[in-house]
Amino acid sequence: MKLQALIEHAESRRAGYDAWHESAAVPPPKAPSRMTLAEIRSWIAATPGQHHAIGRYQIVPDTLESLIRRTGLRAETLFDARVQDALANILILDAGYAEFAAGRITPGRFMDNLARIWAGFPLESGLSAYDGVAGNKATVTRAFFAGQMAEIFPQQWVQAELSRRQAGGS
């Protein structure tokens with residue numbers, strides 16, 4: 001839940017589950033958390049050429065379609081908090097959460113994987129993986145991102161630091 005809150009901080013801030021890309025000329029017809037997947041798809045189809053990132057996790061249309069296929073969610077499924085959180089959890093797993101939790105990938109690699117999913121997070125370079133694409137940029141600094149991740153996952157951070165020192169890092 002803390003990682004979900006961090007993603008929200010980087011992606012949707014105050015609007016949370018009812019966020020939509022602020023540059024969209026035509027907003028969704030109602031709060032995203034009260035829309036069905038079919039309604040979201042209709043809004044996207046009816047408003048070509050604008051940005052359609054939607055919800056707490058700012059899920060873009062291609063990602064939403066992929067998640068719908070993978071989960072088998074039906075068109076009448078409400079895009080409510082429960083569904084948005086479940087879809088975000090799939091993306092977190094896609095970023096390598098299980099490998100990170102088991103110590104098989106470093107915190108930095110997990111952060112970069114998350115940054116390749118959520119444009120608000122910076123890569124190690126400090127820039128969003130999507131910097132300049134559709135107006136995207138990192139909305140938090142790498143230091144803030146790392147600090148928050150260290151608070152959320154203290155055990156993994158300590159283990160990574162010990163491994164780095166044993167390998168001869170400073």
Side-chain angles (χ1 to χ4, degrees), residues 1-24 32-33 37 40 44 51-71 73 79-165 167 169:
M1 289 186 351
K2 290 179 181 179
L3 181 53
Q4 290 172 338
L6 179 58
I7 296 165
E8 175 183 25
H9 178 78
E11 292 294 323
S12 62
R13 305 278 168 127
R14 291 176 295 279
Y17 295 106
D18 290 324
W20 45 274
H21 199 288
E22 294 174 1
S23 73
S33 67
L37 295 175
I40 292 171
I44 292 167
H51 304 297
H52 295 102
I54 194 164
R56 183 182 194 198
Y57 306 101
Q58 291 294 278
I59 298 174
V60 297
D62 287 346
T63 302
L64 182 61
E65 289 303 321
S66 172
L67 290 166
I68 291 169
R69 278 192 306 277
R70 291 169 64 188
T71 60
L73 289 172
F79 193 61
D80 60 11
R82 181 185 58 80
V83 167
Q84 290 184 45
D85 287 345
L87 297 177
N89 286 341
I90 293 168
L91 296 173
I92 291 166
L93 287 170
D94 288 350
Y97 173 76
E99 294 81 4
F100 167 66
R104 292 191 299 271
I105 64 172
T106 65
R109 181 164 173 205
F110 183 52
M111 289 170 59
D112 282 348
N113 291 348
L114 290 168
R116 288 183 185 94
I117 295 171
W118 285 286
F121 287 140
L123 295 166
E124 188 174 7
S125 68
L127 297 175
S128 168
Y130 306 97
D131 192 64
V133 176
N136 283 308
K137 64 181 180 179
T139 61
V140 299
T141 65
R142 184 69 172 201
F144 174 84
F145 185 21
Q148 293 298 303
M149 293 291 285
E151 285 185 28
I152 295 168
F153 302 106
Q155 182 177 353
Q156 286 80 3
W157 246 255
V158 168
Q159 186 58 46
E161 180 61 21
L162 290 173
S163 296
R164 189 180 63 76
R165 287 183 183 181

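Here the structure is a predicted model, which is why all the values come from computation and not from measurement. We use all heavy atoms of the structure for the numbers below, so side chains are in, but hydrogens, waters and symmetry mates are not. Throughout, numbering of the chain's residues begins at 1 and tracks the sequence.
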Participant: Would the distance check show the side chain of His51 and the main-chain N or O of Ala53 forming a donor-acceptor pair, the cut-off being under 3.5 Å?
Facilitator: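 Between the backbone of Ala53 and the side chain of His51 there is no qualifying donor-acceptor contact (under 3.5 Å).
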Participant: Do Thr71 side-chain atoms and Leu67 backbone N/O form a donor-acceptor pair below 3.5 Å?
Facilitator: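 Confirmed, Thr71 side chain pairs with Leu67 backbone.
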Participant: Any chance you could measure Ile59, atom CD1, to Ser66, atom OG, to the nearest 0.5 Å?
Facilitator: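 Output value for this atom pair is 10.5 Å.
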Participant: Distance from Leu64 atom CG to Phe79 atom CZ, nearest 0.5 Å?
Facilitator: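 Atom-to-atom, Leu64:CG and Phe79:CZ are 6.0 Å apart.
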Participant: Would the distance check show the side chain of Ser33 and the main-chain N or O of Asp18 forming a donor-acceptor pair, the cut-off being under 3.5 Å?
Facilitator: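 Checked: no pair found.
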Participant: How many angstroms lie between atom CD of Gln148 and atom CD1 of Ile7, to the nearest 0.5 angstrom?
Facilitator: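 That separation rounds to 12.5 Å.
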Participant: Tell me whether Arg82 at atom CZ has more than 12 heavy atoms from other residues, nucleotides or ligands lying less than 6.0 Å away.
Facilitator: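 12 or below, so no.
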Participant: Quick check on Glu124: does its CD atom have over 12 non-hydrogen neighbours (other residues, nucleotides or ligands) under 6.0 Å away?
Facilitator: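 Counting neighbours around CD of Glu124, 12 or fewer heavy atoms of other residues, nucleotides or ligands fall under 6.0 Å, so no.
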Participant: Is there a side chain to side chain contact (heavy atoms under 4.5 Å, CB included) between Ile44 and Glu65 once you walk through the steps?
Facilitator: CA-CA 11 Å; Ile44 292 167; Glu65 289 303 321; 5.9 Å; no
Participant: Find out whether Phe110 and Gln156 are in side-chain contact, i.e. whether some heavy atom of one side chain is under 4.5 Å from a heavy atom of the other.
Facilitator: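 When only atoms from C-beta onward are counted, Gln156 and Phe110 do not touch, as no gap falls below 4.5 Å.
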Participant: Do you know which two heavy atoms are closest between Ala115 and Phe121, and how far apart they sit?
Facilitator: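 So the two residues come closest at CB-O, 3.5 Å.
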Participant: To check you understand the geometry: which heavy-atom pair defines the closest contact between Pro32 and Ala19, and what is its length?
Facilitator: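 Taking Pro32 first and Ala19 second, the nearest heavy atoms are CG-O, 3.6 Å.
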Participant: Step by step, would you call Thr63 with Leu87 a side chain to side chain contact (heavy atoms under 4.5 Å, CB included)?
Facilitator: CA-CA 10 Å; Thr63 302; Leu87 297 177; over 6 Å; no
Participant: State, to 0.1 Å, how close Ala10 and Thr139 come at their nearest heavy-atom pair, and which atoms those are.
Facilitator: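 It is O-OG1, 2.6 Å.
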Participant: Kindly give the heavy-atom pair with the smallest separation between Gly96 and Ile105, and that separation in Å.
Facilitator: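 In terms of heavy atoms, the two residues are closest at O-CD1, 3.6 Å.
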Participant: Answer yes or no: is there a side-chain heavy-atom contact under 4.5 Å between Met149 and Leu6?
Facilitator: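 A side-chain contact under 4.5 Å exists here.
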Participant: Is there a side-chain contact between Gln58 and Asn136 (heavy atoms, below 4.5 Å)?
Facilitator: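 No. Closest side-chain heavy atoms not under 4.5 Å.
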Participant: Would you mind reporting whether Asn89 and Leu93 have side-chain heavy atoms less than 4.5 Å apart?
Facilitator: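 The answer is no, as the side chains (C-beta and beyond) never meet within the 4.5 Å cut-off.
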Participant: Hey, does the side chain of Glu11 reach the backbone of Arg56 with a donor-acceptor pair shorter than 3.5 angstrom?
Facilitator: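 The answer is no, because no donor-acceptor pair under 3.5 Å joins these two groups.
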Participant: Quick check against the 3.5 Å criterion: does Ser12 have a side-chain atom that pairs as donor or acceptor with the backbone of Ala15?
Facilitator: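 Side chain of Ser12 to backbone of Ala15: no pair is present.
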Participant: So, do Ile117 and Tyr57 sit near enough that their side-chain heavy atoms are less than 4.5 Å apart?
Facilitator: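 Ile117 does not reach Tyr57 side chain to side chain.
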Participant: Check whether any side-chain heavy atom of Asn113 sits under 4.5 Å from a side-chain heavy atom of Phe100, and report yes or no.
Facilitator: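 No - every pair of side-chain heavy atoms lies 4.5 Å or more apart.
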Participant: Taking the side chain as every heavy atom from C-beta outward, state whether Arg142 and Met111 have any pair of such atoms under 4.5 Å apart.
Facilitator: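 Yes - at least one pair of side-chain heavy atoms lies under 4.5 Å apart.
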Participant: With under 30° as parallel and over 60° as perpendicular, where do the rings of His9 and Phe144 fit, or are they tilted in between?
Facilitator: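 Tilted, since the angle between the ring planes falls between 30° and 60°.
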Participant: Quick one: are Leu114 and Leu3 in side-chain contact, heavy atoms under 4.5 Å?
Facilitator: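 With C-beta onward as the side chain, the pair touches.
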Participant: For Ala129 and Leu123, work out which heavy atoms get closest and say how close.
Facilitator: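 Where Ala129 meets Leu123 most closely, the heavy atoms are CA-CD1, 3.6 Å.
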Participant: Assign the ring pair Phe153 / Tyr97 to parallel, tilted or perpendicular, where the plane angle (0 to 90°) is split at 30° and 60°.
Facilitator: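 Rings of Phe153 and Tyr97: tilted, 30 to 60°.
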